[in-house]
Amino acid sequence: MPTTTAANIGSYSSILPEVVLVVGALLLLMIGAFIKQKNAIFMSFATFAILVLAATLLYMQGDLAGTMFSGSFIIDPFARLMKIVTLLSAAIAMFMAYDYMSKANLWKYEFAVLILLATAGMMMMISANDLIALYLGIELQSLALYVIAAFNRNSERSSEAGLKYFVLGALSSGMLLYGMSLIYGFTGGTGFAQIASSIHTGGATIGIIFGLVFLLVGLVFKISAVPFHMWTPDVYEGSPTPVTTFFAAAPKIAAMAMIVRVLYGAFPSITPQWQQIIVFVSIASMVLGAFAAIGQTNIKRLMAYSSIGHMGFALVGLASGSETGVRAVVIYMVIYAIMTLGTFASILAMRREEGTVENISDLAGLAKNDLTMAFLLAMLMFSLAGIPPLAGFFAKFYVLLAAIEAKLVPLAIIGVLASVVGAFYYLRIVKIMFFDEPAEDFVPMHGSLRIVLIGSGLFVLGYVVYPTPLVTAAGVAANSLFK
Amino acid sequence: MGIADLFFYLFSALTTGSAVMVISARNPVHAVMFLILAFINAAGLFLLLGAEFLAMLLIIVYVGAVAVLFLFVVMMLDVDFAELRAGYMKYFPLGATIGFILLAELVVLFGAWKSDGGISVTPKVPIPDTAAITNTEAIGHVLYTDYIFYFEAVGIILLTAMVGAIVLTFRQNENAKRQNIGDQIARTPETSIEIKKVETGKGI
């Protein structure tokens with residue numbers, strides 16, 4: 001199976017969005033140092049604008065496709081779609097962060113700078129067409145994420161989250177590098193196209209398989225799939241909630257896109273070898289995500305397990321090893337990001353006079369206090385559980401369909417069962433909101449949270465009416481990997 | 001056995017020996033000193049391989065910066081190394097097992113690599129002839145051309161690390177007295193001196 005060996009396009013407009021992000025981060029760093037901590041609104045608006053500008057520039061590239069920098073940077077419809085989704089998720093997370101961060105007295109202008117730098121790292125990960133570019137992208141992203149996980153320096157749990165993430169992340173980077181060096185040693189190249197052609201002619205030697213396993217360990221850590229998920233609940237719980245919001249959407253999309261690119265870019269001719277690894281990781285994540293979430297009382301921890309489970313489902317599409325499978329992964333990640341951002345808008349709104357709360361029991365009787373919020377959150381929960389006709393159902397439907405087409409029926413069956421188990425804890429939240437004795441009121445939601453929650457709720461409800469744009473875009477994106 | 005072989009055995013024996021001493025020395029300052037010795041001998045090994053640029057880099061970066069930083073940390077922070085060492089024997093079997101597994105894997109892989117007849121494909125960037133071109137020149141040829149993307153990315157990563165370190169550790173102390181040069185220059189006799197007429201014999 002040949003891979004994309006697109007010609008060097010040599011056009012700097014292909015890397016312009018990354019340049020905009022980095023230059024924007026440097027500018028904000030400079031401006032922030034002079035205006036000190038005062039203009040938080042300006043800084044967060046500027047970050048939002050830079051992220052949206054980068055997404056617009058990507059959109060304006062049209063159907064530009066090809067590689068740059070002697071093949072280490074690739075742009076194609078797949079990269080473009082995933083980058084736009086990543087940028088918009090980051091922008092929405094930033095949009096919601098300001099209110100919380102300033103009320104919690106956590107706002108520092110470096111937060112905006114680090115978000116921009118992390119997003120630039122994600123862009124590099126998505127566009128990486130070479131092992132070195134991939135590693136640098138991962139490190140740029142991760143370093144910024146470690147710091148913002150520990151952003152609340154006065155909280156022991158936030159520091160713990162940052163430290164835990166850092167130590168485990170460093171370990172996974174070590175694994176990743178070990179795998180990369182083995183692959184380089186056995187194929188003689190770091191470029192994905194070169195690795196692919198070397199494996200195509202030389203076959204899968206034991207060294208390449210070894211390298212592939214280590215490489216996948218490092219990559220799977222980044223999407224927090226089982227068995228490399230241990231950091232997720234603690235980091236989600238310990239980090240300030242806007243940071244968790246950011247963690248839950250943008251980095252996951254970028255990391256998933258990166259895994260898809262590595263597997264289809266560099267290892268297309270040994271699909272059966274990596275397929276079994278992905279099938280195992282997928283099953284383990286779906287099952288753990290479904291069962292471990294049941295006993296949780298903290299809603300951020302619950303969302304951590306939920307995200308582990310969802311990553312398992314997205315990997316089902318990848319495991320099927322087909323173009324429909326990749327299309328399903330893309331659709332899944334987009335829908336997942338929108339649902340998660342909406343849910344986190346509600347979590348950010350869980351604020352009483354004395355401060356924020358994050359226990360599931362605090363949502364009790366929300367329907368009596370704020371019916372709109374309760375209704376929209378309930379819809380999001382139904383969608384996360386995968387109940388038709390909401391968007392989350394279609395996301396699961398596409399991946400399971402791809403698995404069945406690839407004759408992975410047992411995987412699809414386990415997926416359906418895990419989804420049924422998972423529905424329990426999503427529905428429990430709905431039950432608590434609608435049928436339990438009302439708890440104390442929340443203070444009214446900030447406008448930005450309301451906008452995101454309503455937008456997300458409308459998407460989830462309306463997807464069934466007009467799914468074409470997303471399905472078409474995902475189809476084009478998936479097709480570009482299989483040319 | 002040529003003179004180069006002799007130096008190879010000298011440098012490698014010293015590297016291994018001082019590496020062992022790094023983890024077994026009781027005094028942390030001695031451990032750092034042995035670390036420096038290990039680095040210098042490793043630099044010698046690089047020289048024997050004809051990689052003079054890497055050798056110099058190792059001395060400047062690792063000995064000059066990293067090891068000295070370690071030394072500062074060891075000497076300035078009150079780290080109780082005896083306490084850190086307390087769990088050493090407890091975790092030794094686990095550590096030894098993992099080390100052994102990694103070693104076994106390396107041996108298996110090296111065997112596989114040998115039996116494959118080494119690298120089957122020509123490397124992306126062929127290593128230039130060291131007799132015709134120096135290491136530094138060879139790196140200079142690719143650093144700002146083929147590898148400009150990586151080079152810039154590494155710069156951004158280092159900046160991120162710096163911003164991160166400052167965010168996490170820098171605390172603005174409200175009570176600290178700071179020098180404000182603008183204020184100092186803007187001072188006039190009127191704002192800083194108060195002239196009092198003291199009546200004779202009364203004091204202030």
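Protein chains get the first letters and strands the later ones, always in sequence-line order, with residue 1 at the start of each.
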Quick one: what part of [X] sits under 4.5 Å from any heavy atom of chain B, side chain, backbone, both or neither?
| X | value |
| --- | --- |
| A/Phe111 | neither |
| A/Asn152 | neither |
| A/Leu136 | both |
| A/Leu29 | side chain |
| A/Leu140 | both |

Contact leader toward chain A among B/Ile166, B/Ile156, B/Thr169, B/Thr145, where contacts are heavy-atom pairs under 4.5 Å: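 That would be B/Ile156.
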Check whether [X] reaches the backbone of [Y] with its side chain - one donor and one acceptor, N or O, closer than 3.5 Å.
| X | Y | answer |
| --- | --- | --- |
| A/Ser155 | A/Ser158 | yes |
| B/Thr160 | A/Leu143 | no |
| A/Arg153 | B/Phe170 | yes |

Sub-4.5 Å side-chain heavy-atom contact between B/Phe39 and B/Leu35: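 Yes. Closest side-chain heavy atoms under 4.5 Å.
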A/Glu156, CD: over 12 other non-hydrogen atoms inside 6.0 angstrom: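 Atom CD in A/Glu156 is not crowded, with 12 or fewer foreign heavy atoms closer than 6.0 Å.
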Parallel, tilted or perpendicular: ring planes of A/Phe69 versus A/Phe73, cut at 30 and 60 degrees: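 Judged by the thresholds at 30° and 60°, the geometry between A/Phe69 and A/Phe73 is perpendicular.
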Interface residue of largest heavy-atom contact number with chain B, from A/Tyr178, A/Tyr135, A/Phe151, under 4.5 Å: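 Maximum pair count with chain B is reached by A/Tyr178.
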Part of B/Leu159 within contact of chain A (heavy atom distance under 4.5 Å): side chain
